[in-house]
There are 2 protein chains.
Amino acid sequence: MSMSHSGRMDAVATTVQRYSPPTSGQEAREEPCWPALSEAPLRRDDAETLAGVLRAIADPARLQLISLIQAARGGEACVCDLVAPLGLSQPTVSHHLKVLLDAGFVTRCRRGSWAYYRLVPERLAALAQLLA
Amino acid sequence: MSMSHSGRMDAVATTVQRYSPPTSGQEAREEPCWPALSEAPLRRDDAETLAGVLRAIADPARLQLISLIQAARGGEACVCDLVAPLGLSQPTVSHHLKVLLDAGFVTRCRRGSWAYYRLVPERLAALAQLLA
DNA sequence: AGTTAGTATCGACAGATGTCGATGTCTCAC
DNA sequence: GTGAGACATCGACATCTGTCGATACTAACT
């Protein structure tokens, strides 16, 4: 409520469609405010954007990925640590991580030849607040 | 928090797969507790159940339905009131409402030849709490 | 009974999605 | 430079999903 809450979705849309990976590491970006679900009526394009974000986590493999990354030491995990627990092929895991990345639920950080993924808890929190 | 929070998913699963419509009207049922997303690691079947619930609302038409029902007078709306705002055919709207019904996000109550749908706000709230 | 109106179900179809093997890209070690 | 390992991308395929028109069902009203 302290921030402007009436911003439209356009800014969010671009953020969601392709979540720019932090080119140099950290994340220090505005967490966007979606229009609350209780603010009816929801416009069609707002609904599409919101549905896109929800669809990103409406998948068992991706939910397990979120869970695994959160539980990992240091709050980060690389792909090779996630393949076995999921029981899926490496390309498939990479694909799911990319979906989560594009939706802004995780960030990627390359170190050596490994790619470490971390959660963006504010993203989940924002979504939760929106549903409540 | 007052209720037992460590219940497994099995009971939930059946509730989710086919949400028994209140045969005689009211809703007075246990709202199930999913395993929190933060309680890692998430089992595969738990992830599937949770993903199923999320998929039910990860659709623009269904999000708009939720929004429209909530905004309707008396907190309820019949199908004929929802067809026009959504711009979809009546069978399609009926289909989406059934998805929401099966997932427990709405209840149905027939009065005359109309079918009135209401939200189950606890369902959304439970989902929100789970993501946070 | 017949008619009308509101919903639900069915069958079909196009488009989206999850999955994999094969291959490309990048980084490090030798 | 060569090779090996970690990850991403590509192409293909089967399955799932949203959508509609047609039709069946149900309740009210003549």
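Below, chains carry the letters A, B, ... as their sequence lines are ordered, and counting in each starts from 1. Remember, predicted model here, so these are calculated numbers, not experimental data.
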Notebook entry, point to check: What distance separates B:Q64 CD from A:E48 CD, expressed to the nearest 0.5 Å?
Noted result: 8.0 Å
Note to self: So B:Y117, base contact, sugar-phosphate only, or nothing? Heavy-atom distance under 4.0 Å.
What the structure shows: sugar-phosphate
Notebook entry, point to check: With sugar-phosphate meaning primed atoms plus P, OP1 and OP2, does B:R62 contact a base, only sugar-phosphate, or nothing at under 4.0 Å between heavy atoms?
Noted result: sugar-phosphate
Margin query: Taking 4.0 Å as the cut-off, does a side-chain nitrogen or oxygen of A:R108 come that near to OP1 or OP2 on D:dC7?
Written below: no
Notebook entry, point to check: How many angstroms lie between atom CD1 of B:I57 and atom CZ of B:F105, to the nearest 0.5 angstrom?
Noted result: 4.5 Å
Next item on the list: Round to a whole Å and report the spacing from CG of A:D59 to P of D:dT17.
Entry: 11 Å
Item checked: pair B:Y117-B:C78: side-chain heavy atoms closer than 4.5 Å -> no
Next item on the list: Ignoring the backbone of A:R44, work out which of C:dA8, D:dT19, C:dG6 is nearest its side chain.
Entry: D:dT19
Margin query: From C-beta outward on A:P91, which listed nucleotide comes closest to its side chain: C:dT19, C:dA22, C:dA8?
Written below: C:dA22
Margin query: In whole Å, I'd like the distance from the NE2 atom of B:H95 to the P atom of D:dG21.
Written below: 16 Å
Check: Is there a donor N/O on one and an acceptor N/O on the other, under 3.5 Å, for the side chain of A:Q90 and the base of D:dA6?
Finding: no
Notebook entry, point to check: What's the CG-C1' distance between B:L86 and D:dT19, to the nearest Å?
Noted result: 13 Å
Next item on the list: Between A:S89 and A:S113, just flag the one whose closest nucleotide in DNA chain C comes earlier from the 5' side.
Entry: A:S89
Next item on the list: Would you mind telling me which of C:dC20, C:dA8, D:dG5 lies closest to the side-chain atoms of A:T92?
Entry: C:dC20
Next item on the list: Whole angstrom is fine here: how far is it from CG in A:L65 over to P in C:dT19?
Entry: 10 Å
Next item on the list: Determine, step by step, whether A:L68 and A:L86 satisfy the side chain to side chain contact (heavy atoms under 4.5 Å, CB included) criterion, reporting the C-alpha distance in whole Å, the side-chain angles of both residues, the deciding distance to 0.1 Å, and the verdict.
Entry: CA-CA 9 Å; A:L68 286 168; A:L86 249 66; 3.3 Å; yes
Next item on the list: Choose from C:dT17, C:dT7, D:dC20 the nucleotide whose nearest atom is closest to any side-chain atom of A:R55.
Entry: C:dT17
Check: Touch check for B:H96, heavy atoms < 4.0 angstrom, all strands: base, sugar-phosphate only, or nothing?
Finding: sugar-phosphate
Notebook entry, point to check: For the pair made of NZ in A:K98 and P in C:dC20, what is the distance, rounded to whole Å?
Noted result: 19 Å
Check: Taking CG from B:L88 and P from C:dT7, how many angstroms apart are they, rounded to a whole number?
Finding: 16 Å
Notebook entry, point to check: In whole angstrom, what separates A:D81's CG from D:dG5's C1'?
Noted result: 14 Å
Check: Do B:L65 and B:V106 have side chains that get closer than 4.5 Å, going by heavy atoms?
Finding: no
Next item on the list: For B:L82 and C:dA8, give me the distance from atom CG to atom P, rounded to whole Å.
Entry: 11 Å
Next item on the list: When you get a sec, tell me which of D:dA8, C:dT7, C:dT19 is the closest nucleotide to the side chain of A:S94?
Entry: D:dA8
